[in-house]
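Report on one structure; see the data block that follows.
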Protein chains: 2
Amino acid sequence: MQQRPRKKLEPGVRRRKKFGDKRQFILQKALSVFSQYGFHGSSIEQITTAADISKTNLFYYFKSKEVLYLTILENILNDWLVPIDSFSVEDDPRSALGKYIRRKLELSRDQPEASKLFCLEIIQGAPILKGYLNDELKPLIDEKSRVIQQWIEQGKLKPVEPIHLIFMIWSTTQHYADFSVQIKALTGKDLKNKAFFEETCQTIQQVILDSLVSP
Amino acid sequence: MQQRPRKKLEPGVRRRKKFGDKRQFILQKALSVFSQYGFHGSSIEQITTAADISKTNLFYYFKSKEVLYLTILENILNDWLVPIDSFSVEDDPRSALGKYIRRKLELSRDQPEASKLFCLEIIQGAPILKGYLNDELKPLIDEKSRVIQQWIEQGKLKPVEPIHLIFMIWSTTQHYADFSVQIKALTGKDLKNKAFFEETCQTIQQVILDSLVSP
DNA sequence: GTCTATATGGCGATAGAC
DNA sequence: GTCTATCGCCATATAGAC
C-alpha cells in the first residue's frame with residue numbers, strides 16, 4: 001500500500017487501517033483455536049473469547065465462520081510453498097537439502113499453528129485443499145523430484161526415491177510442530193529452546209544427508 | 001450390520017457374544033469417523049449412519065459419546081506400546097531398528113485410522129492422553145533411549161541423539177498413515193500397494209540406517 | 001433390543017438500538 | 001462499530017411403547 005508520510009491520516013484511511021489491524025488480530029486468535037480443534041470442533045465462542053470480543057462483533061468482521069476459516073487457510077498456503085522453491089540442479093545437494101531442512105524446521109518453530117491446521121485439514125481428507133494439492137503442490141513436487149533425480153544421475157547423490165526423500169524431510173520437520181505436546185512430555189523441551197532447535201536440526205540433517213551424500 | 005428376523009431367544013452365552021460383536025462393530029465404525037473429524041468434530045449421527053443403526057440403539061450399547069470415544073482410545077493404546085518393546089542391548093542395531101521401522105510402517109498400513117486418531121489427540125493437546133504420555137510412554141522411551149546410547153558406546157552405532165532418532169522413526173512411518181490423502185494426491189498410491197509399501201520401507205530403512213551403522 | 005417422540009442445551013447467525 | 005436480545009437449527013441424551 002503506497003502512502004507518503006503525513007501528520008494526519010485521512011479519516012477513511014485511518015479507519016481502514018484500524019479495520020485491517022483488528023481483522024488481522026482476529027485471524028491470529030482464530031488460527032490458534034482452529035489449529036487445535038479443527039473447523040467443526042471449534043466454536044465461534046471459543047474464538048471470540050480468545051480475541052476478547054463479542055460474537056456479534058466477530059460477525060461484523062467476517063460474515064460467517066466458514067469465511068473466517070477460509071481466509072486463514074488462504075493466508076497459510078501463501079507461506080507454505082515458498083521454501084522448497086529454493087533449490088535447483090545447479091546447487092550442491094548437501095547444502096541445498098540442508099538449508100531446506102533448516103528452513104522447514106524454522107517454520108515448525110515459528111508457525112506451529114499453521115502446521116497443525118494443515119495437518120488437521122489433510123487428516124480430514126483435504127476437502128478444501130484437494131484442489132491445491134493437485135493443481136499447485138503436485139506440479140511443484142514433480143519438478144523438485146526431477147531435480148533430485150538429476151543430482152543422482154550426476155553422481156552427487158546416492159540413489160534414492162526422490163518423493164520419499166521429500167516425504168521424509170516433511171515428516172521429520174513438521175513432526176516437531178504437530179506433535180509438540182508429545183515432544184514436550186518426553187523431553188521437557190520444544191523448538192523455542194535454542195539449543196534444542198539446533199540439536200534437532202543437526203540430527204535430522206546428519207541422518208538424512210550422511211546416508212545420501214558422500215562427505 | 002444387517003439385522004435379520006429373530007427366531008427364538010438365544011441362550012445367554014450366545015446373546016452375550018452377539019452383544020459383544022455388535023459393540024465391536026460399532027467401535028470400528030466409530031473409529032473411522034472419529035479418526036477423521038476428532039471428538040468434537042464428529043456427531044453421533046455420522047456414526048450411526050456409518051454403522052447403519054439408530055441413535056437410540058447406539059446409546060443402548062454406549063451410554064454416552066464420551067464413553068464410546070474413551071473405549072476406542074483405550075483399545076488403540078494397547079497396540080501402540082507393543083512394537084518398540086521389541087529391541088534390547090543384545091540386538092544388532094541395524095537389524096533391530098530395521099525391524100522396528102518395518103513394524104511401525106505395517107501399523108501405518110494396517111491401522112491408519114488409529115494413527116490418525118492418536119495424531120488428532122496429540123494436536124488437541126492430549127487432554128486425555130497426557131497421563132499416558134507421562135506415566136507409560138516416557139519411562140518406556142527413556143529405557144529405549146538408554147539402549148540406543150549403549151549401542152553408541154559399544155561402537156555399534158554412530159553418535160546420535162537417541163530421542164531424535166526415535167522421533168525420526170515415528171514421524172517418517174506415521175506420516176504415511178496421517179498424511180495418506182496428500183501422499184495419494186502426489187503419488188497416486190498408498191501403503192496398501194505392495195510395491196509402494198516395500199519401496200517406502202526400504203527407503204526409510206536405507207536413509208536412517210546407512211547414516212548410523214557402518215555397513 | 002429397537003423404535004417414536006421429545007426434552008434440553010449450545011451453536012451460528014441476524015435484527016435493531018445506540 | 002459495538003451492544004442486547006433472540007431466532008432457528010442441530011446435537012446429545014432420555015422416556016416409554018413394543
Side-chain angles (χ1 to χ4, degrees), chain A residues 9-31 33-34 36-73 124 127-128, chain B residues 1-31 33-34 36-73 124 127-128:
Chain A
L9 293 172
E10 295 283 342
V13 172
R14 197 190 298 164
R15 204 185 309 123
R16 245 178 282 123
K17 180 178 186 311
K18 217 185 145 199
F19 181 84
D21 283 354
K22 184 152 180 183
R23 255 181 78 96
Q24 276 310 118
F25 179 76
I26 294 172
L27 284 170
Q28 178 200 318
K29 294 299 185 180
L31 168 58
V33 174
F34 281 135
Q36 254 196 64
Y37 305 104
F39 179 75
H40 293 288
S42 303
S43 75
I44 292 287
E45 197 149 8
Q46 279 177 286
I47 295 166
T48 56
T49 300
D52 196 32
I53 56 173
S54 69
K55 272 196 279 185
T56 342
N57 198 216
L58 185 144
F59 283 113
Y60 171 75
Y61 286 93
F62 299 90
K63 85 165 202 287
S64 71
K65 186 184 179 182
E66 206 178 1
V67 165
L68 174 59
Y69 184 78
L70 289 176
T71 308
I72 291 171
L73 217 50
Q124 293 188 13
I128 298 169
Chain B
M1 179 180 268
Q2 279 304 8
Q3 74 246 17
R4 33 182 212 295
R6 221 178 308 139
K7 300 174 192 166
K8 222 181 176 184
L9 203 64
E10 307 276 359
V13 173
R14 202 187 298 169
R15 203 190 308 128
R16 244 178 283 120
K17 179 176 185 312
K18 216 186 146 199
F19 181 85
D21 283 354
K22 185 155 181 182
R23 256 181 78 97
Q24 275 311 117
F25 180 77
I26 294 171
L27 283 170
Q28 177 201 318
K29 293 298 185 181
L31 169 58
V33 174
F34 280 135
Q36 255 196 64
Y37 305 104
F39 178 75
H40 293 289
S42 304
S43 75
I44 292 288
E45 195 149 9
Q46 279 177 288
I47 295 166
T48 56
T49 299
D52 195 33
I53 55 172
S54 69
K55 274 191 276 184
T56 340
N57 199 216
L58 185 144
F59 283 113
Y60 171 74
Y61 286 93
F62 299 91
K63 87 164 202 288
S64 73
K65 185 184 179 182
E66 207 179 359
V67 164
L68 174 60
Y69 184 78
L70 289 176
T71 306
I72 292 171
L73 216 52
Q124 292 188 12
I128 299 168

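The basis for the numbers below is simple: all heavy atoms, side chains too, and nothing from hydrogens, waters or symmetry mates. The sequence lines fix the lettering, A, B, ..., with proteins before strands; numbering per chain opens at 1. A quick note: this is a predicted structure, and the numbers were derived from the prediction, not measured.
Ring centroids of B/F19 and B/Y61 are separated by less than 6.0 Å, placing the two rings close together.
Contacts between residues 36-48 of chain B and DNA chain C, counted as heavy-atom distances below 4.0 Å, involve no residue at all.
When the P atom of C/dG12 is taken as reference, atom CG of A/N57 falls 16 Å away, rounded to whole Å. The CZ atom of B/F62 sits 13 Å away from the P atom of C/dT2 (whole-angstrom rounding). In this structure, the CG atom of A/D52 is 18 Å from the P atom of D/dG1, given to the nearest Å. Rounded to an integer number of Å, the gap from B/L58 CG to D/dT12 C1' is 11 Å. Here D/dC7 presents its P atom at 17 Å from CZ of A/F59, a figure rounded to the nearest Å. When the C1' atom of C/dG1 is taken as reference, atom CD1 of B/I26 falls 11 Å away, rounded to whole Å. Per the geometry, NZ belonging to A/K63 stands 9 Å off P belonging to C/dT14, to the nearest Å. Rounded to whole Å, the distance from OH on B/Y61 to P on D/dT14 is 17 Å.
Using a 4.0 Å heavy-atom distance criterion, B/K55 is classed as a base contact.
Using modelled atom types, no side-chain atom of A/K29 and backbone atom of A/D52 make a donor-acceptor pair closer than 3.5 Å.
Here the straight-line distance linking atom OG of A/S64 with atom CD1 of A/I44 works out to 8.0 Å at 0.5 Å rounding. A distance of 5.5 Å separates CD1 of B/I128 from CG of B/L73, quoted to the nearest 0.5 Å. Interatomic distance, A/H40 NE2 to B/Q46 CD, rounded to the nearest 0.5 Å: 7.5 Å.
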Contacts under 3.5 Å, N or O only, protein and nucleotides 15-18 of chain C:
none

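In this structure, B/I72 and B/L31 approach most closely via the heavy-atom pair CD1-N, 3.7 Å.
Aromatic ring orientation, A/F39 versus A/F34: parallel (interplanar angle below 30°, classes split at 30° and 60°).
A/L68 places a side-chain heavy atom less than 4.5 Å from the side chain of A/L27.
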After noting the C-alpha distance and the side-chain angles of B/T48 and B/N57, does the key distance pass the side chain to side chain contact (heavy atoms under 4.5 Å, CB included) rule?
-> CA-CA 9 Å; B/T48 56; B/N57 199 216; over 6 Å; no

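Proximity note for B/Y60 (side chain, C-beta onward) versus C/dG1, D/dA13, D/dT2: the nearest is C/dG1.
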